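A short worksheet on the structure shown next.
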Amino acid sequence: MPPANGVSTPGGSRPTSTKPGTPISNTSNSSLILRKQLLDLQKYPVDGFSAGLVDDDNILEWQIVIMGPADTLYEGAILKARLIFPPEFPLLPPKMIFDSEMWHPNVYDKGDKKGEVCVSILHQPGEDEWGYEDAGERWLPVHTVESVLISVISLLSQDVPDLSSPANVDAAKEVREDFASYKKKVKRLARRSAEEAYD
């Protein structure tokens with residue numbers, strides 16, 4: 001006997017709706033896309049980071065480890081972070097939150113956004129209401145976990161961080177007024193992240 005919705009599914013493994021013509025949910029679509037990206041990253045690892053799930057039952061939250069880029073203030077660091085994906089992914093961007101303590105103008109350091117990365121590629125799609133970014137710099141559905149992480153690694157690799165729209169105003173002020181002190185603090189936190197990774 002055919003299923004009630006008229007769609008035959010081998011082994012019942014493919015999700016179906018109960019009404020003909022009803023699309024599969026955004027979460028199902030997100031899950032398929034994210035599982036493929038995770039498998040691709042595991043099959044073809046990219047230098048500089050590793051990715052896996054925080055919980056095997058939740059494809060929408062990933063554990064990320066970034067190896068501090070050579071010849072930067074973060075050299076030798078082992079930075080832990082999470083990517084949290086909305087059910088609407090890839091139409092909407094994930095959030096990236098560092099669990100390792102960070103001191104960078106583009107990483108929030110206070111309140112409920114502590115550790116959250118503020119970079120164009122992770123901003124909602126469309127025009128920037130403040131005029132700092134072009135729509136093409138912001139999130140686009142063609143971006144992948146790999147492109148996000150490469151963008152963040154690039155951000156950490158800059159000799160002098162971009163100060164045009166800081167998430168951490170105090171770090172931006174220190175970059176402008178006492179760059180030597182800023183570098184010392186970042187290097188100290190980078191060393192601590194490596195030590196904590198082995199605890």
Side-chain angles (χ1 to χ4, degrees), residues 30 33-56 58-86 89-90 93-109 113-123 133 136-168 171-172 175 179 182-199:
S30 298
I33 292 167
L34 289 169
R35 285 191 195 288
K36 181 181 181 335
Q37 289 187 26
L38 181 60
L39 289 172
D40 287 348
L41 287 172
Q42 290 170 340
K43 191 172 181 180
Y44 309 105
V46 178
D47 285 342
F49 68 86
S50 65
L53 298 179
V54 171
D55 174 352
D56 288 340
N58 184 3
I59 191 69
L60 298 178
E61 187 171 358
W62 290 27
Q63 176 72 48
I64 305 297
V65 177
I66 295 177
M67 306 307 291
D71 302 319
T72 72
L73 297 176
Y74 295 92
E75 183 170 10
I78 301 173
L79 304 170
K80 295 181 180 179
R82 286 171 290 130
L83 275 173
I84 301 171
F85 299 89
F89 181 84
K95 286 184 181 182
M96 182 165 176
I97 301 167
F98 276 104
D99 294 321
S100 298
E101 187 176 351
M102 295 293 289
W103 186 246
H104 191 284
N106 294 92
V107 180
Y108 289 96
D109 72 323
K113 286 192 164 203
K114 183 176 175 126
E116 188 173 332
V117 177
C118 180
V119 64
S120 300
I121 196 173
L122 294 177
H123 293 165
E133 304 163 334
E137 296 174 302
R138 297 166 73 90
W139 180 258
L140 296 169
V142 296
H143 287 304
T144 63
V145 170
E146 182 177 343
S147 64
V148 167
L149 294 174
I150 288 171
S151 180
V152 171
I153 291 169
S154 176
L155 179 82
L156 299 177
S157 299
Q158 295 173 330
D159 290 334
V160 178
D162 178 18
L163 305 177
S164 61
S165 178
N168 181 337
V175 168
F179 193 55
Y182 170 81
K183 291 194 304 187
K184 186 176 179 180
K185 185 169 188 174
V186 170
K187 286 180 178 181
R188 180 176 49 79
L189 291 173
R191 276 193 310 275
R192 184 190 301 164
S193 73
E195 291 165 3
E196 289 173 351
Y198 293 107
D199 282 349

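Note that this is a predicted model, so its numbers are computed, not measured.
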Considering non-hydrogen atoms only, spot the tightest contact between S193 and L79 and give its length. OG-CD2, 3.8 Å
Among residues at least two apart in sequence or on other chains, which ones pass side chain to side chain contact (heavy atoms under 4.5 Å, CB included) with Q63? V54, K80, R82, D99
Taken to the nearest 0.5 Å, the spacing of E195 CD from I78 CD1 works out to 10.0 Å
Per-pair distances, 0.1 Å, donor-acceptor, side chain in residues 150-162, under 3.5 Å, sequence neighbours excluded:
| unit_1 | atom_1 | unit_2 | atom_2 | d |
| --- | --- | --- | --- | --- |
| S157 | OG | I153 | O | 2.8 |
| Q158 | OE1 | D162 | N | 3.4 |
| D162 | OD1 | S164 | N | 3.1 |
| D162 | OD1 | S164 | OG | 3.1 |
| D162 | OD2 | S164 | OG | 3.1 |

Within a reach of under 6.0 Å around CG of D55, are more than 12 heavy atoms found that belong to other residues, nucleotides or ligands? yes
Nearest heavy-atom contact between V175 and P105 is CG2-CG, 4.1 Å
Quick check against the 3.5 Å criterion: does N106 have a side-chain atom that pairs as donor or acceptor with the backbone of V117? no
Looking at every heavy atom in both M102 and Y74, which two are closest together, and how far apart are they? CE-CE2, 3.7 Å
Rounded to the nearest 0.5 Å, the CG atom of L83 sits from the CD atom of E61 at a distance of 9.5 Å
Would a 4.5 Å heavy-atom cut-off, applied to side chains only, mark L41 and E146 as touching? yes
Find out whether P86 and K95 are in side-chain contact, i.e. whether some heavy atom of one side chain is under 4.5 Å from a heavy atom of the other. no
Side chains of S30 and I33, heavy atoms from C-beta outward: is any pair under 4.5 Å? no
Atom CG of L73 and atom CG of L189: how far apart are they, to the nearest 0.5 Å? 11.0 Å
Calculate, to the nearest 0.5 Å, the distance between atoms CD1 and CE belonging to I64 and M96 respectively. 6.5 Å
Report yes if the side chains of L53 and W62 come closer than 4.5 Å at any heavy-atom pair, otherwise no. yes
What orientation do F89 and F85 show, parallel under 30°, tilted 30 to 60°, or perpendicular over 60°? perpendicular
Residue pair Y108 / C118: nearest heavy atoms and the distance that separates them: CE1-CB, 4.0 Å
When rounded to the nearest 0.5 angstrom, what distance separates CG in D109 from CD in E101? 9.0 Å
For R35, side chain to side chain donor-acceptor pair (under 3.5 Å) partners two or more places apart: none
Quick check for you: to the nearest 0.5 Å, what is the distance between Q37 atom CD and Q42 atom CD? 12.0 Å
In this structure, which one of L122, V145, L60, L34 forms a side chain to side chain contact (heavy atoms under 4.5 Å, CB included) with P94? L122
Any donor and acceptor pair, going by atom type alone, linking the side chain of W103 with main-chain N or O of N168 inside 3.5 Å? no
